[in-house]
Amino acid sequence: QVQLVESGGGLVQAGGSLRLSCAASGRTFRSYAMGWFRQAPGKEREFVAVISRSGGTTYYADSVKGRFAISRDNAKNMVYLQMNSLKPEDTAVYYCAADLSLAMSPQLLPNEYEYWGQGTQVTVSS
């Protein structure tokens with residue numbers, strides 16, 4: 001049982017930046033790989049980024065590579081998504097998710113994550 005709460009979403013102009021935060025419950029946060037996903041109106045939920053349990057490995061969707069950065073602070077039970085050079089097509093509800101499996105490779109599908117936050121809206125205007 002894991003509780004996740006996202007924050008930091010909002011309205012920003014194209015080219016701007018936002019930093020999303022996700023606070024996780026429990027004392028076993030270090031056991032979870034953490035992912036960020038997003039879902040735009042009329043579209044399927046899509047993978048954005050994932051970070052390994054220790055924070056030593058990250059993986060990004062091609063659409064955000066070089067612009068977004070995922071990080072985590074296990075001492076604070078927090079995971080972050082720094083979003084730079086935002087584009088209108090980045091507009092979506094962003095979700096953090098916890099992967100409780102012990103997979104050694106990045107998990108890119110939503111059904112591979114057991115727990116999800118409520119989502120935070122990111123809107124990028126042109």
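In what follows, every heavy atom counts, from backbone to side chain, and hydrogens, waters and symmetry copies are set aside.
Sorted by first and then second residue, the side chain to side chain donor-acceptor pair (under 3.5 Å) pairs involving residues 98-111 (not counting sequence neighbours) are D99-S101. Under the disulfide bond (SG atoms under 2.5 Å apart) criterion, no residue pair touches residues 40-75, with sequence neighbours excluded. For residues 66-85, every residue pair satisfying the salt bridge (charged side-chain N to carboxylate O under 4.0 Å, His left out) rule, not counting sequence neighbours, is listed here: R67-D90.
For the pair L18/L86, a side-chain contact is recorded, criterion being any heavy-atom separation below 4.5 Å from C-beta on. No side-chain heavy atom of C22 sits under 4.5 Å from any side-chain heavy atom of M78. Put simply, the side chain of I70 reaches to within 4.5 Å of the side chain of V79, judged on heavy atoms. Looking only at side-chain heavy atoms (C-beta outward), R53 and L102 come within less than 4.5 Å of each other. Using a 4.5 Å heavy-atom cutoff, the side chains of V2 and L100 are in contact. At least one side-chain heavy atom of R19 sits under 4.5 Å from a side-chain heavy atom of S71. E46 has its side chain within reach of R38: a pair of non-hydrogen atoms, C-beta onward, lies under 4.5 Å apart. A heavy-atom distance below 4.5 Å is not found between the side chains of E6 and Y94.
Among residues two or more places apart in sequence or in another chain, the ring-ring contact (aromatic ring centres under 6.0 Å, His included) test is passed with Y60 by none. In terms of the ring-ring contact (aromatic ring centres under 6.0 Å, His included) criterion, residue partners of F37 (sequence neighbours excluded) are, by chain and number, F47, Y113, W116. Residues that satisfy the ring-ring contact (aromatic ring centres under 6.0 Å, His included) test with Y59, not counting sequence neighbours, are absent from this structure.
The side-chain contact (heavy atoms from CB on, under 4.5 Å) test with V122 is passed by exactly one of T91, L20, L11: L20.
Closest approach of W36 to S21, counting heavy atoms only: CH2-O, 3.9 Å. Smallest separation of non-hydrogen atoms from P88 and S126: CG-CB, 3.9 Å.
Hydrophobic cluster membership is shared by M34 and V48, with clusters built from Ile, Leu, Val, Met, Phe, Trp and Tyr side chains linked at under 4.5 angstrom. Under the 4.5 Å side-chain heavy-atom criterion for Ile, Leu, Val, Met, Phe, Trp and Tyr, L81 and I51 are members of the same hydrophobic cluster. Residues V50 and F29 do not share a hydrophobic cluster, clusters being chains of Ile/Leu/Val/Met/Phe/Trp/Tyr side chains in contact below 4.5 Å.
We find the OH-OG distance between Y115 and S25 to be 9.5 Å, quoted to the nearest 0.5 Å. Separation of atoms CG (L4) and OH (Y32) is listed at 8.5 Å; rounding is to 0.5 Å.
Between the side chain of Q82 and the backbone N or O of F68, no donor-acceptor pair lies under 3.5 Å.
By the 6.0 Å contact criterion, CD on Q3 is open, its count of non-hydrogen atoms from other residues, nucleotides or ligands being 12 or less. Summarising the local packing, NZ of K65 is surrounded by more than 12 heavy atoms from other residues, nucleotides or ligands at distances under 6.0 Å.
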